[in-house]
*Asks:* 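Below is one structure. I have some questions about it.
Both backbone and side-chain heavy atoms feed into the values below; hydrogens, waters and symmetry mates do not. Starting from 1, each residue takes its place in the sequence as its number.
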Amino acid sequence: FRRRDWIKGKFYALEWHQAYDFIEFIVTYQGRRKYTRFSTEAMQRVFNKIFEAEQSGYRFLGGELSPISSAAEVEAIDAAVSLTAASGLAGAQTHLKAALHLLGKRPTPDYRNAVKESISAVESVAKQLSQNDSQGLAGALDELAKRVPIHGALKSAFVKLYGYTSDADGIRHAILDEPNVDFDEAKYMVVACSAFVNYLATKANTAKLPLRQ
């Protein structure tokens with residue numbers, strides 16, 4: 001009991017962000033142990049139930065502890081991370097996980113780069129599925145629409161909504177021109193881009209579209 005009380009005392013003395021860091025450490029350490037009763041995924045599910053019960057604003061998503069707790073948003077992101085992994089869309093999965101990490105970076109989140117990674121996830125999946133990486137997102141979606149059924153209005157709305165234009169680096173985003181990118185914009189982009197990645201990957205899977213490796 002003395003050891004448990006000592007750990008409990010230390011935990012309750014932590015700053016809020018240090019408490020979440022400690023939880024991440026426990027999950028990571030437990031998952032790396034050679035002999036363990038619980039996998040990393042099982043530990044994350046346990047903590048997510050605790051977070052929900054305690055009305056915490058954080059959840060484990062794609063292996064990252066992120067400040068997203070809405071059931072619909074969590075489902076969209078989890079589905080995108082899982083589907084990209086199962087569909088061989090490793091680039092998109094890497095970008096989504098990076099976006100979650102940056103969004104949940106404590107104590108100072110990196111919202112601007114979380115937006116960039118979210119955009120990159122969409123660009124990556126569109127280019128890989130379309131097998132066209134020379135015309136930016138709009139060109140990739142145009143090419144993809146020739147191979148799978150994508151509603152024209154939805155495709156056009158997505159390109160216009162996210163303000164893509166060609167430049168020396170391939171893509172540019174209107175939100176990133178704003179002097180301050182805050183949590184609301186960053187979270188919206190992570191969730192919206194995850195949902196669109198889900199949409200494209202599901203369409204491609206249904207059409208049995210081969211992937212460019």
Side-chain angles (χ1 to χ4, degrees), residues 1-121 124-125 181-184 186-195 197-198 201:
F1 287 106
R2 289 181 180 178
R3 183 179 300 173
R4 185 179 66 180
D5 290 341
W6 180 84
I7 294 175
K8 185 176 180 180
K10 290 291 184 180
F11 180 80
Y12 283 121
L14 296 174
E15 297 288 336
W16 72 269
H17 57 89
Q18 293 175 324
Y20 284 113
D21 289 344
F22 182 66
I23 291 171
E24 276 192 317
F25 167 77
I26 291 175
V27 171
T28 302
Y29 173 76
Q30 183 71 20
R32 289 177 178 173
R33 293 180 64 189
K34 186 174 182 180
Y35 301 103
T36 178
R37 294 171 54 193
F38 304 101
S39 66
T40 298
E41 292 75 17
M43 291 285 288
Q44 290 173 356
R45 288 194 295 270
V46 168
F47 274 110
N48 278 347
K49 289 182 179 179
I50 295 172
F51 293 148
E52 183 176 1
E54 297 296 328
Q55 299 184 346
S56 167
Y58 279 77
R59 298 290 187 275
F60 276 106
L61 296 170
E64 300 288 342
L65 188 53
S66 301
I68 296 176
S69 57
S70 162
E73 294 169 346
V74 167
E75 182 178 357
I77 295 170
D78 262 345
V81 172
S82 299
L83 186 56
T84 50
S87 303
L89 300 167
Q93 185 196 38
T94 297
H95 286 302
L96 286 176
K97 294 181 76 169
L100 290 169
H101 173 75
L102 292 164
L103 185 67
K105 188 177 179 182
R106 299 175 299 276
T108 308
D110 189 345
Y111 297 136
R112 186 173 295 275
N113 282 315
V115 169
K116 288 181 180 180
E117 292 292 343
S118 300
I119 295 168
S120 295
S124 176
V125 72
V181 177
D182 64 17
F183 173 72
D184 293 326
K187 186 178 80 164
Y188 171 78
M189 288 297 294
V190 172
V191 175
C193 288
S194 294
V197 165
N198 276 333

*Asks:* Restricting to side chain to side chain donor-acceptor pair (under 3.5 Å), what partner residues turn up for Arg106, sequence neighbours left out?
*Replies:*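 In terms of side chain to side chain donor-acceptor pair (under 3.5 Å), with neighbours along the sequence ignored, Arg106 is linked to Asp21, Glu24.
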*Asks:* Applying side-chain contact (heavy atoms from CB on, under 4.5 Å) to Leu61 and Asp78, what does each step give before you reach the verdict?
*Replies:* CA-CA 6 Å; Leu61 296 170; Asp78 262 345; 3.7 Å; yes
*Asks:* Under a 3.5 Å distance rule, please check whether Asp110 uses its side chain to pair with a backbone N or O of Leu102 as donor and acceptor.
*Replies:*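 No, because the side chain of Asp110 does not come within donor-acceptor range (under 3.5 Å) of the backbone of Leu102.
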*Asks:* Working to the nearest 0.5 Å, report the span between CZ of Phe11 and CD of Gln18.
*Replies:*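 Phe11 atom CZ to Gln18 atom CD measures 10.5 Å (nearest 0.5 Å).
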*Asks:* State, yes or no, whether a side-chain contact exists between His101 and Lys97 at a heavy-atom distance under 4.5 Å.
*Replies:*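 A side-chain contact under 4.5 Å is absent here.
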*Asks:* Identify the heavy atoms of Thr84 and Ala92 that sit nearest to each other, and give their distance.
*Replies:*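 Closest heavy-atom pair between Thr84 and Ala92: CG2-CB, 3.9 Å.
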*Asks:* Rounded to the nearest 0.5 Å, what separation is found between the CH2 atom of Trp16 and the OH atom of Tyr58?
*Replies:*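 The distance works out to 3.5 Å.
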*Asks:* In Å, rounded to the nearest 0.5 Å, how long is the span from CG of Leu83 to OG of Ser194?
*Replies:*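 The CG atom of Leu83 sits 11.0 Å away from the OG atom of Ser194.
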*Asks:* Phe47: what forms a ring pair (Phe, Tyr, Trp, His ring centres under 6.0 Å) with it, not counting sequence neighbours?
*Replies:*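 Once residues adjacent in sequence are excluded, Phe47 has no partner under the ring pair (Phe, Tyr, Trp, His ring centres under 6.0 Å) criterion.
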*Asks:* With side chains defined as the heavy atoms from C-beta onward, is the minimum distance between Thr40 and Phe60 less than 4.5 Å?
*Replies:*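 They are not in contact (no side-chain heavy atoms under 4.5 Å apart), so the answer is no.
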*Asks:* Can you find a heavy atom in the side chain of Leu103 that is under 4.5 Å from one in the side chain of Pro67?
*Replies:*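 Leu103 reaches Pro67 side chain to side chain.
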*Asks:* Got a second to check how far Glu73's CD is from Ser66's OG, nearest 0.5 Å?
*Replies:*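 One gets 11.5 Å once the value is rounded to the nearest 0.5 Å.
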*Asks:* Quick one: closest heavy-atom pair of Val115 and Ala186, and the distance?
*Replies:*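 What the structure gives for the nearest pair is CG2-CA, 3.8 Å.
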*Asks:* Report yes if some heavy atom in the side chain of Asn48 is under 4.5 Å from a heavy atom in the side chain of Arg59; otherwise report no.
*Replies:*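 Answer yes - side chains close enough.
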*Asks:* Hey, does Leu96 have a side-chain heavy atom less than 4.5 Å from the side chain of Ile77?
*Replies:*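 The answer is no; the side chains never approach within 4.5 Å.
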*Asks:* Any donor and acceptor pair, going by atom type alone, linking the side chain of Ser118 with main-chain N or O of Ala114 inside 3.5 Å?
*Replies:*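 Judged by distance alone, yes, a pair lies under 3.5 Å.
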*Asks:* If I compare all heavy atoms of Gly91 with all of Ser124, which pair ends up nearest, and what's the gap?
*Replies:*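 Taking Gly91 first and Ser124 second, the nearest heavy atoms are C-OG, 3.6 Å.
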*Asks:* Atom CG in Leu65, atom NE2 in His17: separation rounded to 0.5 Å?
*Replies:*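 Going from CG on Leu65 over to NE2 on His17, the span is 13.5 Å.
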*Asks:* With no hydrogens and no angle check, is any side-chain donor or acceptor of Ser87 less than 3.5 Å from a backbone partner on Leu89?
*Replies:*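 Such a contact is absent between Ser87 side chain and Leu89 backbone.
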*Asks:* When the ring planes of Tyr29 and Phe25 are compared, do they come out parallel, tilted or perpendicular, using 30° and 60° as the limits?
*Replies:*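 Ring orientation of Tyr29 relative to Phe25: parallel.
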*Asks:* Please indicate whether Glu75 has more than 12 foreign heavy atoms, meaning atoms of other residues, nucleotides or ligands, lying under 6.0 Å from its CD.
*Replies:*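 At most 12 heavy atoms, drawn from other residues, nucleotides or ligands, come within 6.0 Å of this atom.
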*Asks:* Looking only at non-hydrogen atoms, find the nearest pair between Gln93 and Val81 and report the distance.
*Replies:*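 Smallest heavy-atom distance, with atoms named: NE2-O, 3.5 Å.
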